[in-house]
Amino acid sequence: MTRKIRKVVFPVGGMGTRFLPATKAMPKEMLPVVDKPLIQYAVEEAREAGLEHLVFVTGRGKQAIEDHFDHSGELERLLAQKGKDDILISATSMMAEKPGQIAYTRQQEPKGLGHAVWCARNMVGNEPFAVVLADDLIKGPTGCLKQMVDAYEKVGGNLIAAMDVPREHTSRYGILSPGATRDNLVEVRGLVEKPKVEDAPSTQAVIGRYILQPEIFSYLANQETGAGGEIQLTDAMARMIGEVPFHGVLFDGHRYDCGDKFGFLQANIAYALDRPDMQDDVQNYLNDLARQG
Ligand code: G1P
């Protein structure tokens, strides 16, 4: 029997330097894909997977995220007065069902993803939990995290979302040494963060969804730095290989790297083409652009 996953950690302390100047005074997680901020997609995916407690690891200048998941009395009154119920519902649908289901803590210094997750240790406590990186937007028939929770109920242990990437991109990711593959699960035999292309053990990359056992915190507590001089989650996970079952979930869905300008643009186009209220206009515009070549 595996323990139910109830908590999810969103590391949102990053500076978003790749999107400057847009992210100078605004968190990168608030960048919209069509009309919804990246962080809201991440929260919706967690809710779809049945996760109830949301923990945000924030940093300076990230207050907009807290405000986004709170009531805005003035806005709600205005929309209600104008009878714009549909917009009102979509603007408030992400509120926690009960106060206290969302918690915020700050990572005071940007010391890496491993450090950000470690900052959530007291809020997570001694139970398995999920981590979602909002930059990795995944579009598919079923949310990636739901697919991972389903897999977790079968195999337990640690799980990461995994995807094949071009060999020349391996230095951007955590890369797996894969073992046997069964259905959508690949056994993880080794993990290395951002290897040189020539040293990458495979082309299977870690994508920003994790289910982790709480023992990860004791490995993160050592605070050893790795690639880029940062405390890496990948390094702590690698140390747990052999101690708990460890699998990559070859998820069904398309992943957009919204930490990258081109990936972000691709996501906006793909999501807009999926929206009944705008797909025709967008498609016509793309056709016009292609004709003008
Ligand atoms: C992080 C992780 C890396 C993972 C990637 C997925 O890197 O450290 O292992 O492959 O997310 O997006 P970052 O993109 O934050 O440098």
Side-chain angles (χ1 to χ4, degrees), residues 8-19 23 27-29 31 33 38-39 41-42 45 57-59 62 107 109-120 130-139 144-145 148 158-178 186 188 190-197 199-212 216 219-220 223-241 246-251 253-264 266-267:
V8 53
V9 174
F10 301 100
V12 292
M15 306 277 274
T17 46
R18 282 195 282 173
F19 271 93
T23 50
K28 64 174 174 164
E29 297 77 13
L31 288 169
V33 169
L38 284 169
I39 191 63
Y41 287 95
E45 189 181 317
V57 181
T58 70
K62 299 280 184 169
Q107 181 188 23
E109 294 161 273
K111 286 183 166 180
L113 178 59
H115 181 256
V117 171
W118 180 76
C119 287
V131 177
V132 176
L133 308 186
D135 279 0
D136 282 327
L137 181 58
I138 301 175
K139 189 170 185 300
C144 181
L145 212 49
M148 291 179 69
N158 283 348
L159 289 162
I160 50 174
M163 181 183 104
D164 209 41
V165 297
R167 178 156 282 277
E168 62 272 24
H169 292 176
T170 46
S171 58
R172 300 178 189 173
Y173 296 95
I175 300 291
L176 280 63
S177 297
V186 52
V188 179
L191 274 175
V192 52
E193 179 69 10
K194 302 196 172 73
K196 287 192 188 139
V197 168
D199 297 338
S202 77
T203 53
Q204 289 196 342
V206 178
I207 299 303
R209 305 286 183 277
Y210 308 78
I211 290 180
L212 298 168
I216 193 84
Y219 291 93
L220 290 170
Q223 311 257 320
E224 282 167 32
T225 54
E230 296 189 332
I231 298 167
Q232 295 292 352
L233 184 58
T234 301
D235 295 343
M237 291 192 302
R239 291 194 191 105
M240 290 179 75
I241 294 171
F246 208 138
H247 294 91
V249 178
L250 304 164
F251 56 93
H254 189 102
R255 173 256 186 178
Y256 295 93
D257 178 4
C258 289
D260 170 80
K261 290 189 238 305
F262 184 49
F264 178 69
Q266 286 174 311

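Atoms within each ligand, like the ligands themselves, are counted from 1 in listed order.
- Protein heavy atoms are absent from the space less than 4.0 angstrom from atom 14 (O) of ligand 1.
- Checking D199, V192, V197 one by one against T170, the side-chain contact (heavy atoms from CB on, under 4.5 Å) holds for a single residue, V197.
- Using a 4.0 Å cut-off between charged side-chain N and carboxylate O, K28 and D135 make a salt bridge.
- Close approach of ligand 1 to D136 (heavy-atom distance below 4.0 Å) involves ligand atoms 6 (C), 12 (O).
- Side-chain contact check for F251 versus M163: some heavy-atom pair is nearer than 4.5 Å.
- In terms of protein heavy-atom proximity, atom 2 (C) of ligand 1 is closest to E193 OE2, 3.6 Å.
- Within the listing of ligand 1, atoms 9 (O) sit less than 4.0 angstrom from a heavy atom of T234.
- By the 3.5 Å distance cut-off applied to N or O atoms, G174 is counted among the residues near ligand 1.
- Salt bridge annotation for R239-E224: present, with a cationic side-chain nitrogen under 4.0 angstrom from a carboxylate oxygen.
- Of the possible donor and acceptor atoms, one in the side chain of Y41 sits under 3.5 Å from a partner among the backbone N and O of V33.
- Among all protein heavy atoms, the one lying closest to atom 11 (O) of ligand 1 is L133 CD1, 3.5 Å.
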Item to complete: Using the side-chain contact (heavy atoms from CB on, under 4.5 Å) rule, take Y210 and I216 through it: C-alpha gap first, then chi angles, then the decisive distance, then the call.
Response: CA-CA 12 Å; Y210 308 78; I216 193 84; over 6 Å; no

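- Atom 8 (O) of ligand 1 is flagged as protein-proximal [any protein heavy atom, distance under 4.0 Å].
- In this structure, CD1 in I160 is found 13.0 Å from CZ in R209, a value given to the nearest 0.5 Å.
- Of all atoms in ligand 1, numbered sequentially from 1 with element shown, those under 4.0 Å from a heavy atom of R255 are 12 (O).
- For ligand 1, the atoms sitting less than 4.0 Å from at least one non-hydrogen atom of K194 are 7 (O), 8 (O), 13 (P), 16 (O), numbered in the order shown with element in parentheses.
- With ligand atoms numbered from 1 in the order given, ligand 1 contributes 4 (C), 5 (C), 6 (C), 10 (O) to contacts under 4.0 Å with heavy atoms of V206.
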